[in-house]
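I have placed the structure first, in the form of structure tokens, so that the comments after it can refer back to it.
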Amino acid sequence: MKDILSIIVALAIAVTSFGQEAVVGSWLFAPAPREMSEMADEAFVLQPATVINCPEELREQARLLSDLMEPAVGRNLPVSDGSHAINLRLDSSLGAVLKGFQQKECYHLTVTRQGVTLTGATPVGVLRGIQTLVKALPAGTEPDRLVALPGGEIFDYPEYEYRAFLLDCGRHFFPLPTLKKIIDILALHQLNEFHWHLTEDQGWRLEIKRYPRLTEVGSWRAGSPVPGQEGHDGVPVSGLYTQEEAREIVAYADARGIEVIPEIDMPGHMKAALASYPDLGCTGGPYEVACEYGVLDDVLCVGKESSLEFVYNVLDEVMDIFPSRYIHLGGDECPKGRWEACPHCQARILALGLQTSGAMTAEELLQSWFLDRMAERIEARGRRVIVWNDALLGWDNIVSGAPSKQTVIAGWMRPVSSEIAVREGYDAIICPVGHLYLSAADGNRLKGEAYLRRVYDLPVPPVSLSEVEKDRILGVEACLWTERVADEELLLWELLPRLSAVAELQWSDPASRDFDAFLSRIIRMESLYTARGWSWNAAE
Ligand code: ACM
Ligand code: ZN
């Protein structure tokens with residue numbers, strides 16, 4: 001099946017009016033567009049005279065298109081006037097009947113022998129159409145080859161407004177070139193959110209100017225655990241992003257229509273911060289940046305006023321760097337043992353009058369109180385907070401009213417976690433561990449179709465929700481945790497091609513979900529990955 005399809009793709013030929021032959025690309029790619037009609041015999045051949053034509057406000061997008069097409073076309077198309085052209089246009093009335101977020105990203109594309117016209121309702125819509133054009137070109141680079149875009153018409157827009165991918169840079173550090181490659185990959189799959197997990201027990205990666213020890217001390221650890229053995233491997237892991245570098249990533253993503261959402265995980269998963277400033281913990285330490293994985297006992301002391309000041313100051317710097325609509329506060333996996341024994345935390349519980357009630361202990365209520373204080377700081381600057389669902393549920397229980405209803409809940413623990421959050425009146429994100437955690441805890445990846453199906457067959461939207469409740473699902477997120485992912489090669493191996501399945505859950509029409517049709521798109525996506533040098537199968 002794979003070989004036959006690639007031969008079919010490779011043999012599609014168009015003939016120019018000068019009698020030259022051109023290799024035609026294909027409309028087979030993921031995520032599947034909404035409305036598409038193919039027009040045989042209408043392939044647009046990219047000739048020496050072809051240009052990209054655009055109004056002044058789309059020049060940056062035009063240059064990006066030129067750069068992205070260069071490997072397949074063999075040269076950069078000039079951005080200029082010309083009669084044989086790919087025309088980029090803006091039309092704010094396009095998709096006027098769609099939901100607001102859908103209209104923002106919608107685009108209309110026509111490809112005929114005479115020319116290509118890509119219209120977006122906004123510049124972001126144009127960016128989405130650009131990725132479609134790039135995927136429709138033949139894969140790979142060959143000298144002196146003429147290439148053509150297949151003829152057809154597409155009208156396309158996303159199912160969800162929140163289409164995210166999380167990369168854990170706490171357990172392992174990934175340098176800027178890798179992050180830019182990941183952002184290129186997200187853009188190709190029409191994702192719009194890069195969730196950057198920047199702080200962990202095992203490493204604090206973001207420079208905070210007011211607290212330099214966070215990266216001087218917190219960005220280095222002595223080693224990583226070895227499965228089945230005591231202690232760690234003695235191989236140091238380190239790395240940090242300066243604020244300037246973080247801004248560079250924000251700008252790089254923004255040019256591709258992707259928002260960067262920083263996560264500063266709290267009050268658990270903060271051992272690297274505690275190692276840097278021991279007074280942040282309940283016992284005062286000493287602490288070490290963790291060389292073990294899992295859920296650790298030492299967490300932020302939220303009884304001390306100085307801890308709250310610390311987090312406020314960190315968040316202020318974070319919001320200065322990241323203009324994102326959302327700030328992720330974690331809120332997951334925070335054991336309460338230290339708080340139970342801490343005079344500061346117990347004094348705070350007393351002062352607030354928090355009492356164990358129903359399913360919620362006084363310490364769990366203290367966590368909700370703490371997260372709500374941080375949320376106030378964030379909301380005061382017009383941003384919205386996301387937390388993992390254990391901030392809402394305790395470990396497995398439903399608790400009403402905590403945290404604030406403004407908070408977005410990322411349902412990771414079970415497939416129903418996001419449904420429960422929606423029923424409690426929250427907006428929610430679907431990211432269940434069993435389906436959308438792309439990294440296997442033991443470092444093994446499911447092979448073959450089974451591992452694609454695990455993602456693709458997740459019922460999105462959940463069938464049990466009413467139409468009104470479904471509107472509270474903001475979107476879908478895939479997460480890549482890096483306990484066992486130490487380098488770019490393993491990262492790409494975990495990510496691809498499953499991101500294509502994730503992208504279809506996020507973008508495509510749920511009514512047209514069809515696994516066999518999806519497989520034919522995957523085969524072509526794999527050839528596009530290979531052509532770009534993305535090592536999707538190198539670790540097999
Ligand atoms: C999580 O996996 N602790 C969000
Ligand atoms: Zn404490």
Side-chain angles (χ1 to χ4, degrees), residues 164-171 195-202 261 263-271 273-274 277-285 287 290 293-311 328-352 354 361-367 369-371 385-396 408-415 417-418 421 428-441 477-485:
F165 170 72
L166 170 148
L167 182 62
D168 167 13
C169 294
R171 271 53 173 260
H195 174 173
W196 199 1
H197 187 78
L198 280 162
T199 66
E200 256 308 333
D201 294 314
Q202 294 80 14
I261 301 175
E263 179 180 351
I264 308 295
D265 204 345
M266 62 185 77
H269 289 287
M270 288 190 77
K271 188 114 181 266
L274 269 51
Y277 294 98
D279 198 43
L280 292 171
C282 290
T283 65
Y287 306 104
Y293 295 145
V295 178
L296 307 186
D297 291 334
D298 286 306
V299 303
L300 184 75
C301 174
V302 303
K304 294 178 196 165
E305 211 50 42
S306 53
S307 304
L308 305 190
E309 275 309 305
F310 167 85
V311 180
H328 204 304
L329 291 186
D332 58 321
E333 297 181 320
C334 179
K336 305 295 187 294
R338 293 285 186 257
W339 293 0
E340 285 163 13
C342 170
H344 303 282
C345 289
Q346 290 305 314
R348 172 90 65 197
I349 284 173
L350 205 62
L352 292 170
L354 303 178
T361 64
E363 285 74 21
E364 282 171 334
L365 290 168
L366 181 62
Q367 167 160 318
W369 171 86
F370 165 75
L371 288 172
V385 170
I386 306 177
V387 292
W388 300 109
N389 70 259
D390 23 345
L392 168 66
L393 301 174
W395 280 99
D396 219 17
V408 178
I409 306 296
W412 71 279
M413 285 181 135
R414 293 183 291 153
S417 298
S418 51
I429 294 159
I430 296 177
C431 52
V433 54
H435 300 264
L436 294 178
Y437 276 25
L438 302 185
S439 40
E477 170 161 346
C479 303
L480 215 152
W481 302 98
T482 59
E483 282 93 337
R484 317 254 172 245
V485 180

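Heavy-atom basis, side chains included; hydrogens, waters and symmetry copies ignored. In listed order, ligands and their atoms are each counted from 1.
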Using ring pair (Phe, Tyr, Trp, His ring centres under 6.0 Å) as the criterion, list what pairs up with Y293, not counting sequence neighbours. none
What I want to check is whether the side chains of D332 and W412 have a donor and an acceptor closer together than 3.5 Å. no
Across all chains, not counting sequence neighbours, the salt bridge (charged side-chain N to carboxylate O under 4.0 Å, His left out) partners of D297 are none
For H328 and A410, the nearest pair of non-hydrogen atoms, with its separation, is NE2-CB, 4.5 Å
With the Zn ion (ligand 2) as the centre, enumerate protein N/O/S atoms below 2.8 Å in chain and residue order. C282 SG, C301 SG, C342 SG, C345 SG
When you check ligand 1 against the protein, what N or O pairs turn up below 3.5 Å? List the atom names and distances, or just say none.
| unit_1 | atom_1 | unit_2 | atom_2 | d |
| --- | --- | --- | --- | --- |
| ligand 1 | 2 (O) | Y437 | OH | 2.6 |
| ligand 1 | 3 (N) | D332 | OD2 | 2.6 |
| ligand 1 | 3 (N) | E333 | OE1 | 3.1 |

Look at D201 together with R171 and state whether they make a salt bridge at an N to O cut-off of under 4.0 Å. no
Do the side chains of R338 and E363 get close enough for a salt bridge, i.e. N-O under 4.0 angstrom? no
Is it the case that the ring center of W339 lies less than 6.0 angstrom away from the ring center of H344? no
Could you walk me through whether H195 and L167 pass the side chain to side chain contact (heavy atoms under 4.5 Å, CB included) test, one step at a time? CA-CA 7 Å; H195 174 173; L167 182 62; over 6 Å; no
Derivation and outcome, side chain to side chain contact (heavy atoms under 4.5 Å, CB included), residues R348 and L308: CA-CA 12 Å; R348 172 90 65 197; L308 305 190; 3.5 Å; yes
